[in-house]
Number of protein chains: 2
Amino acid sequence: MLDATDLRILRALQDLPEASIEEVGRAAGISHTPCWRRIRRMQEEGVIRGRAYQFDPKAIGLGITVITMTKLDRHDEAALGAFEREAGKLAEIVECYLVTGAYDYALKIVTRDMEAFETFLKTRLSNLPHVGDMHSTVVMRRVKDDGRLPI
Amino acid sequence: MLDATDLRILRALQDLPEASIEEVGRAAGISHTPCWRRIRRMQEEGVIRGRAYQFDPKAIGLGITVITMTKLDRHDEAALGAFEREAGKLAEIVECYLVTGAYDYALKIVTRDMEAFETFLKTRLSNLPHVGDMHSTVVMRRVKDDGRLPI
DNA sequence: AGTGAAAGGTTGCTGGC
DNA sequence: GCCAGCAACCTTTCACT
């Protein structure tokens with residue numbers, strides 16, 4: 001599916017996010033036309049999902065990040081689907097993973113401050129379908145979070 | 001620092017990541033010149049950190065994501081600093097947060113497969129400075145992970 | 001602080017080789 | 001894979017509200 005040149009392109013896109021296609025091609029050892037064609041192909045294949053702007057949460061007034069592990073009281077497909085559908089609608093839940101272990105879902109939640117988180121927990125999160133036990137861990141500091149994959 | 005127009009611009013950038021500045025301005029209710037000026041200002045202020053390409057981990061051969069909670073055996077500044085410095089060098093650790101609770105750090109680790117994760121855990125992670133107890137939770141499915149903030 | 005217009009350079013994209 | 005060329009966009013500035 002992906003050859004060595006494709007991987008070099010992906011690495012260049014990750015390392016030089018603002019670079020032009022010509023620069024990416026140079027970093028990958030090809031000229032800009034085949035580079036552009038490969039990028040488009042990888043976009044169509046879904047390898048490259050898109051580009052996203054990265055904001056500083058604190059600068060936007062979002063000071064609190066919490067990792068909340070969540071259990072459901074049922075584990076049939078309907079319960080999981082209902083939970084995931086409703087969780088997907090809540091903007092404060094920025095990430096949601098189905099996980100192994102004692103809990104069912106790992107959620108990353110971002111809010112303005114602790115008061116907003118408490119309100120969110122009590123009025124929104126605990127009212128999601130089939131939610132049972134929850135355990136929250138507050139993030140004190142973001143040590144590393146650049147969205148870079150080990151390609 | 002940020003007024004209502006700035007927030008509308010950030011929302012537009014998040015919702016339409018491929019849009020031109022003119023389109024973003026239209027979505028925010030202003031024309032392209034002040035829109036461009038505001039974007040540049042927010043970049044200089046660090047509100048907008050940059051743009052990052054998003055890849056499908058599975059398509060690149062990265063099939064395993066694990067959330068690993070980690071304790072240190074010491075909690076002075078030197079120990080935290082040493083751990084964070086070395087953890088930052090490991091590409092497989094894509095996110096690292098200092099957290100409250102029973103554990104000290106929450107790590108998100110991405111590897112090719114379970115075997116690669118086991119090797120990483122035994123030869124890299126457990127050799128980081130001052131690492132004590134660890135607890136790993138395997139991600140079965142990515143329900144939501146779009147990097148969008150609740151602006 | 002906003003609008004509208006315009007110039008120049010760069011980029012994205014399509015062809016032919 | 002490369003080269004040439006075109007249309008579109010971004011950047012920047014200017015005059016004006």
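None of these values were measured; they are calculated from a predicted model.
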**Prompt:** Got a salt bridge between A:Asp15 and A:Arg148, using NZ or NE/NH1/NH2 to carboxylate O under 4.0 Å?
**Reply:** yes
**Prompt:** Less than 4.0 Å between a side-chain N and a carboxylate O, is that true for B:Glu86 and B:Lys89?
**Reply:** yes
**Prompt:** Is there a donor N/O on one and an acceptor N/O on the other, under 3.5 Å, for the side chain of B:Ser20 and the base of D:dC10?
**Reply:** no
**Asked** Got a donor-acceptor pair under 3.5 Å from the side chain of A:His32 to the base of C:dC13?
**Response** yes
Whole-Å gap separating [atom2] ([N]) and [atom1] ([X]):
X: A:Ile9; N: C:dG12; atom1: CD1; atom2: P; value: 13 Å
X: A:Arg37; N: D:dG1; atom1: CZ; atom2: C1'; value: 9 Å
X: A:Ile21; N: D:dA8; atom1: CD1; atom2: P; value: 17 Å
X: A:Leu16; N: C:dT11; atom1: CG; atom2: P; value: 13 Å
X: B:Arg41; N: C:dA1; atom1: CZ; atom2: P; value: 9 Å
X: A:Ile48; N: C:dG12; atom1: CD1; atom2: C1'; value: 14 Å
X: B:Arg51; N: C:dT11; atom1: CZ; atom2: C1'; value: 13 Å
X: B:Trp36; N: D:dC14; atom1: CH2; atom2: C1'; value: 13 Å

**Request:** Establish, with yes or no, whether the OP1 or OP2 oxygen of C:dG2 is under 4.0 angstrom from a side-chain nitrogen or oxygen of B:Arg38.
**Result:** yes
**Asked** What nucleic acid atoms does A:Arg40 come within less than 4.0 Å of, heavy atoms only: base, sugar-phosphate, or nothing?
**Response** sugar-phosphate
**Prompt:** Out of D:dA4, C:dG12, D:dG1, which nucleotide sits closest to the side chain of A:Thr33?
**Reply:** D:dA4
**Complete:** With the side chain defined as heavy atoms from C-beta on, B:Ile30 is closest, among D:dC3, C:dT11, C:dG2, to C:dG2
**Message:** Treating A:Arg74 as the side-chain partner and A:His130 as the backbone partner, does any N or O pair qualify as donor plus acceptor under 3.5 Å?
**Reply:** no
**Plane angle bin for B:Phe55 and B:Tyr53 - parallel if under 30°, tilted between 30 and 60°, otherwise perpendicular** = parallel
**Request:** To the nearest 0.5 angstrom, please state how far the SG atom of B:Cys96 sits from the CG atom of B:Leu90.
**Result:** 10.0 Å
